[in-house]
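Every chain is numbered from 1, with letters handed out A, B, ... down the list of sequences.
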There are 2 protein chains.
Amino acid sequence: MQLNNTTQYAIRILSYIANKHDKQLYSAKELAEILSIPYKFLTKIMTELVKADFILSIRGREGGYKLSRPASEISIMDVLNQFNEFVEQKQCLLGIGMCDNNNKCGLHDQWVKPKKMIKDMFENTTLENLDGNGYKI
Amino acid sequence: MQLNNTTQYAIRILSYIANKHDKQLYSAKELAEILSIPYKFLTKIMTELVKADFILSIRGREGGYKLSRPASEISIMDVLNQFNEFVEQKQCLLGIGMCDNNNKCGLHDQWVKPKKMIKDMFENTTLENLDGNGYKI
DNA sequence: TTTAAATACTACTAAAAGGTAGAATTAAAC
DNA sequence: GTTTAATTCTACCTTTTAGTAGTATTTAAA
Ligand code: SF4
Ligand code: SF4
């Protein structure tokens, strides 16, 4: 019941870039240092974020990364989907195939409400909403 | 954001044993077949359930497994804890160390409510509550 | 008392996730 | 034009999780 490492990193990276408006571009080097993410692992994630069109990269000297669209247009759910976290909304909590509400597992009835709440939260929260001073990064 | 395989199996096994009252003991062989869990993997989980005192085992011919206490006294949270799922309630969703409400990550404020809802649900749901006819197993 | 059917133990293999290394490519600065 | 600082690509290594194999132990039935 936790987000996996890669997804956590991805959210933190996007969140940082989205909410630090003092610069145009951020290099992998500085992101790795500031966010304490292994450099080589971060660059791997960055290219995935670029391919997913969350991030726009400028190559070559003086290059770096920036958001490809406004922070308000990227929801946490978008990111989770990209990293296969919430993959199949219909997947059973107990892993017994898929859930179509007619073929319930034992935990179904208790799970639907919290599940919906999480879903809504992730859908309604954008990178913009993660702003705020004093937050750890 | 899903329970890992081993935990899913554990809940399904416990749930099945708890709610099928037609027998005293269930053998690993029949549990594996009925629940479609690899036999060798299941026996491994069973010994962990025995050590965690959820299950009582009777060895030797005609032996098998049964609950070590009433189904109403084993919550899903108990099981999750045993399998290190909910380990540290205080662990940050974004993996930035621990959360003490004074040292928040960007998702904190959105996360607290759903988090509490899930927690309560897992704590208040016991093996007994997983009963019900027509549920897939 | 032997045999059969069950759990328990030890050790290994396979797959997925997390992470690292090094070279190739790009483009601005010099 | 060369150098330098950046991203990208390919390939590998490490750790964790999932799953398998074989044997030892236990105990009731035959
Ligand atoms: S609980 Fe219901 S909804 Fe959730 S997974 Fe199991 S079956 Fe599907
Ligand atoms: S979100 Fe807040 S509570 Fe949840 S983990 Fe991050 S810091 Fe802790």
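For B/S68 (side chain) and B/D53 (main-chain N/O), a donor-acceptor pair under 3.5 Å exists by modelled atom type. No side-chain donor-acceptor contact under 3.5 Å links A/E73 to the backbone of A/P70. No donor-acceptor pair under 3.5 Å is formed between the side chain of A/Q82 and the backbone N or O of A/L49.
With D/dA29, D/dA18, D/dT8 as the candidates, the nucleotide lying closest to the side chain of B/N5 is D/dA18. The listed nucleotides are C/dA4, D/dT8, C/dT7; the one nearest the side chain of B/S27 is C/dT7. Counting only heavy atoms from C-beta on, B/Y65 has its side chain closest to C/dT7 among D/dA18, C/dT7, C/dA28. Of the candidate nucleotides D/dA28, D/dA18, D/dT8, D/dT8 has the atom lying nearest to any side-chain atom of A/T47. Taking only side-chain atoms of A/Y9, from C-beta outward, the nucleotide of D/dA18, C/dG19, C/dA8 with the closest atom is C/dG19.
Put simply, NZ on B/K29 is 11 Å from P on C/dT7, counting in whole angstrom units. One can place CG of A/L49 at 11 Å from P of D/dT8, the figure rounded to the nearest angstrom. Distance CG (A/L25) to P (D/dT7): 9 Å, rounded to an integer number of Å. Rounded to an integer number of Å, the gap from B/F83 CZ to D/dA18 P is 11 Å. When the P atom of C/dA8 is taken as reference, atom CD1 of B/I55 falls 11 Å away, rounded to whole Å. As rounded to whole Å, 9 Å separates atom P of D/dA6 from atom CD of A/E30. Here D/dT2 presents its C1' atom at 11 Å from CZ of A/R61, a figure rounded to the nearest Å. As a whole-Å value, the separation of B/N4 CG from C/dA17 C1' is 13 Å.
Regarding contacts with the backbone of C/dT7, every side-chain N or O of B/S57 stays at 4.0 angstrom or more from both OP1 and OP2. Considering only side-chain N and O atoms, A/K51 lies under 4.0 angstrom from the phosphate OP1 or OP2 of D/dC9.
In the hydrophobic clustering, where aliphatic and aromatic side chains (Ile, Leu, Val, Met, Phe, Trp, Tyr) are joined below 4.5 Å either directly or transitively, A/M117 groups with B/M117.
Looking at B/R59, its side chain has no donor and acceptor atom pair within 3.5 Å of the base of D/dT26.
Taking CG of B/N129 as the reference point, atom OG1 of B/T126 lies at 3.5 Å (rounded to 0.5 Å). Rounding to the nearest 0.5 angstrom, the gap separating the CE atom in A/M121 from the CD atom in A/E123 is 11.0 Å. The distance from the OG1 atom of B/T125 to the CD atom of A/Q110 is 4.0 Å, given to the nearest 0.5 Å.
If you find the closest nucleotide of DNA chain C to B/M46 and to A/T6, the one lying nearer the 5' end belongs to B/M46.
For DNA chain C, the neighbouring residues in residues 35-44 of chain A, judged by any heavy atom under 4.0 Å, are A/P38, A/K40, A/F41, A/K44.
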